[in-house]
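Only a predicted model underlies this, so the values are computations on that prediction, with no experimental measurement involved.
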Amino acid sequence: VQLQASGGGSVQAGGSLRLSCVASGSIFRIDSMGWFRQAPGKQRELVATLDSGRTITYADAAKGRFTISRDYAKNAVFLQMNSLKPEDTAVYYCNVEMSRVTELDEYEYDYWGKGTLVTVSS
(Lines give C-alpha, C1' and ligand atoms only; values in the text may rest on other atoms or scores of the structure.)
Protein backbone atom coordinates (compact mmCIF):
# COMPACT_ATOMS: atom_id res chain seq x y z
CA VAL A 1 0.00 0.00 0.00
CA GLN A 2 1.30 3.43 -0.91
CA LEU A 3 0.12 6.69 0.59
CA GLN A 4 0.77 9.75 -1.53
CA ALA A 5 0.39 12.96 0.42
CA SER A 6 0.51 16.47 -0.95
CA GLY A 7 -0.46 20.03 -0.11
CA GLY A 8 2.13 21.03 2.44
CA GLY A 9 3.93 24.33 2.19
CA SER A 10 4.73 27.60 3.86
CA VAL A 11 2.09 30.12 4.90
CA GLN A 12 1.80 33.06 7.21
CA ALA A 13 -0.19 32.85 10.40
CA GLY A 14 -3.89 33.03 9.69
CA GLY A 15 -3.50 31.37 6.31
CA SER A 16 -4.91 28.11 5.03
CA LEU A 17 -3.63 24.90 3.51
CA ARG A 18 -5.33 21.78 2.24
CA LEU A 19 -3.59 18.44 2.57
CA SER A 20 -4.49 15.49 0.42
CA CYS A 21 -3.59 11.82 0.67
CA VAL A 22 -4.48 8.97 -1.65
CA ALA A 23 -4.02 5.31 -0.83
CA SER A 24 -3.19 2.90 -3.61
CA GLY A 25 -2.13 -0.69 -3.99
CA SER A 26 -3.66 -3.69 -2.23
CA ILE A 27 -6.50 -1.97 -0.46
CA PHE A 28 -8.49 -4.11 1.94
CA ARG A 29 -11.22 -2.81 4.18
CA ILE A 30 -10.25 0.70 5.28
CA ASP A 31 -11.23 1.18 8.89
CA SER A 32 -9.81 4.65 9.32
CA MET A 33 -7.88 7.34 7.51
CA GLY A 34 -6.40 10.37 9.15
CA TRP A 35 -3.63 12.79 9.81
CA PHE A 36 -0.95 12.97 12.45
CA ARG A 37 1.84 15.48 12.86
CA GLN A 38 5.26 15.70 14.38
CA ALA A 39 6.85 18.99 15.32
CA PRO A 40 10.61 19.30 15.82
CA GLY A 41 11.64 17.74 19.11
CA LYS A 42 8.16 16.41 19.82
CA GLN A 43 6.38 13.10 19.49
CA ARG A 44 3.98 12.35 16.70
CA GLU A 45 0.45 13.32 17.65
CA LEU A 46 -3.05 12.88 16.34
CA VAL A 47 -4.56 15.69 14.31
CA ALA A 48 -7.76 14.14 12.98
CA THR A 49 -9.15 10.79 11.90
CA LEU A 50 -12.29 9.69 10.10
CA ASP A 51 -13.37 6.07 10.32
CA SER A 52 -15.54 3.85 8.19
CA GLY A 53 -18.54 4.73 10.32
CA ARG A 54 -17.89 8.38 9.51
CA THR A 55 -16.93 9.11 13.10
CA ILE A 56 -14.49 12.01 13.28
CA THR A 57 -11.92 12.56 15.98
CA TYR A 58 -10.06 15.84 16.28
CA ALA A 59 -7.23 16.82 18.53
CA ASP A 60 -8.14 19.75 20.72
CA ALA A 61 -5.64 21.89 18.82
CA ALA A 62 -7.46 21.16 15.56
CA LYS A 63 -11.04 21.68 16.67
CA GLY A 64 -12.73 24.63 15.04
CA ARG A 65 -9.89 25.25 12.60
CA PHE A 66 -9.25 22.00 10.75
CA THR A 67 -11.72 19.88 8.81
CA ILE A 68 -11.10 16.30 7.76
CA SER A 69 -12.97 14.72 4.90
CA ARG A 70 -12.75 11.65 2.72
CA ASP A 71 -13.46 10.54 -0.79
CA TYR A 72 -14.39 6.93 -0.09
CA ALA A 73 -14.49 5.99 -3.75
CA LYS A 74 -10.93 7.20 -4.33
CA ASN A 75 -9.47 6.03 -0.99
CA ALA A 76 -8.47 9.60 -0.28
CA VAL A 77 -8.44 11.76 2.82
CA PHE A 78 -8.18 15.53 3.03
CA LEU A 79 -7.37 18.00 5.76
CA GLN A 80 -8.48 21.58 5.35
CA MET A 81 -6.49 23.73 7.72
CA ASN A 82 -7.64 27.27 8.38
CA SER A 83 -6.44 29.98 10.75
CA LEU A 84 -3.04 28.37 10.89
CA LYS A 85 -0.74 29.22 13.76
CA PRO A 86 3.05 28.96 14.10
CA GLU A 87 2.53 26.07 16.52
CA ASP A 88 0.94 24.11 13.68
CA THR A 89 4.37 23.89 12.07
CA ALA A 90 5.17 20.21 11.72
CA VAL A 91 5.54 17.32 9.34
CA TYR A 92 2.06 15.99 8.67
CA TYR A 93 1.64 12.27 8.10
CA CYS A 94 -1.22 10.50 6.43
CA ASN A 95 -2.31 7.26 8.12
CA VAL A 96 -4.58 4.45 7.05
CA GLU A 97 -5.76 1.50 9.11
CA MET A 98 -7.07 -1.48 7.24
CA SER A 99 -8.27 -4.95 8.13
CA ARG A 100 -8.82 -8.22 6.31
CA VAL A 101 -10.95 -11.07 7.54
CA THR A 102 -10.34 -14.64 6.46
CA GLU A 103 -11.95 -17.89 7.54
CA LEU A 104 -9.20 -18.35 10.10
CA ASP A 105 -8.29 -14.95 11.37
CA GLU A 106 -8.55 -11.18 11.10
CA TYR A 107 -5.52 -9.16 10.07
CA GLU A 108 -4.94 -5.50 10.80
CA TYR A 109 -2.67 -3.20 8.85
CA ASP A 110 -1.36 0.25 9.66
CA TYR A 111 0.30 2.35 6.98
CA TRP A 112 1.98 5.74 7.02
CA GLY A 113 2.78 8.20 4.29
CA LYS A 114 6.16 9.88 4.03
CA GLY A 115 4.97 13.16 5.47
CA THR A 116 4.49 16.63 4.12
CA LEU A 117 5.97 19.70 5.77
CA VAL A 118 3.75 22.54 6.91
CA THR A 119 5.51 25.72 8.00
CA VAL A 120 3.56 28.60 9.50
CA SER A 121 5.39 31.86 10.04
CA SER A 122 4.32 34.61 12.40
Enquirer: Membership question, hydrophobic clusters at under 4.5 Å side-chain separation (ILVMFWY): are V47 and L117 in the same one?
Expert: no
Enquirer: Could you list the residues that satisfy ring-ring contact (aromatic ring centres under 6.0 Å, His included) with F36, not counting sequence neighbours?
Expert: W112
Enquirer: In this structure, would Y93 and Y111 fall into the same cluster of hydrophobic residues linked by side-chain contacts under 4.5 Å?
Expert: no
Enquirer: Of the options I56, V77, T57, which is the one that meets L50 in a side chain to side chain contact (heavy atoms under 4.5 Å, CB included)?
Expert: I56
Enquirer: Working to the nearest 0.5 Å, report the span between CD of E108 and CE of M98.
Expert: 11.5 Å
Enquirer: Going by heavy atoms in the side chains, are R18 and L79 under 4.5 Å from each other?
Expert: no
Enquirer: Is it the case that atom CD in Q4 sees more than 12 heavy atoms from other parts of the structure closer than 6.0 Å?
Expert: no
Enquirer: Is there side-chain contact between T102 and Y107, with at least one heavy-atom pair below 4.5 Å?
Expert: yes
Enquirer: Can you tell me if D31 and S99 form a side-chain donor-acceptor pair at under 3.5 Å?
Expert: yes
Enquirer: Checking side chain to side chain contact (heavy atoms under 4.5 Å, CB included) between F78 and each of T67, L19, D71, which is the one that passes?
Expert: D71
Enquirer: State whether the side chain of N75 and the backbone N or O of I27 hold a donor-acceptor pair below 3.5 Å, judged by distance alone.
Expert: no
Enquirer: Taking all atoms of both residues into account, what is the closest heavy-atom pair of A76 and V22, and its distance?
Expert: CB-CG2, 4.0 Å
Enquirer: For F28, what residues pass the ring-ring contact (aromatic ring centres under 6.0 Å, His included) criterion, not counting sequence neighbours?
Expert: Y109
Enquirer: Answer yes when R29 and E106 have at least one side-chain N-carboxylate O distance shorter than 4.0 Å, and no when they do not.
Expert: yes
Enquirer: Do any side-chain atoms of residues 81-91 form donor-acceptor pairs under 3.5 angstrom with protein atoms, and if so which ones, sequence neighbours left out?
Expert:
residue: N82; atom: OD1; partner: S16; partner atom: OG; Å: 2.9
residue: N82; atom: OD1; partner: Q80; partner atom: NE2; Å: 2.9
residue: D88; atom: OD1; partner: R37; partner atom: NH1; Å: 2.9
residue: D88; atom: OD1; partner: R65; partner atom: NH2; Å: 3.0
residue: D88; atom: OD2; partner: R65; partner atom: NH1; Å: 2.7
residue: D88; atom: OD2; partner: R65; partner atom: NH2; Å: 3.4
residue: D88; atom: OD2; partner: K85; partner atom: N; Å: 2.8
residue: T89; atom: OG1; partner: P86; partner atom: O; Å: 2.9
residue: T89; atom: OG1; partner: V120; partner atom: N; Å: 2.9
residue: T89; atom: OG1; partner: V120; partner atom: O; Å: 3.4

Enquirer: Could you grab the distance from atom OH of Y58 to atom CG of L46, nearest 0.5 Å is fine?
Expert: 11.0 Å
Enquirer: Which distance, rounded to the nearest 0.5 Å, do you find between the CE of M33 and the OG of S52?
Expert: 12.0 Å
Enquirer: Look up atom CD in Q12 and atom OG1 in T119, then write down how far apart they are to the nearest 0.5 Å.
Expert: 12.5 Å
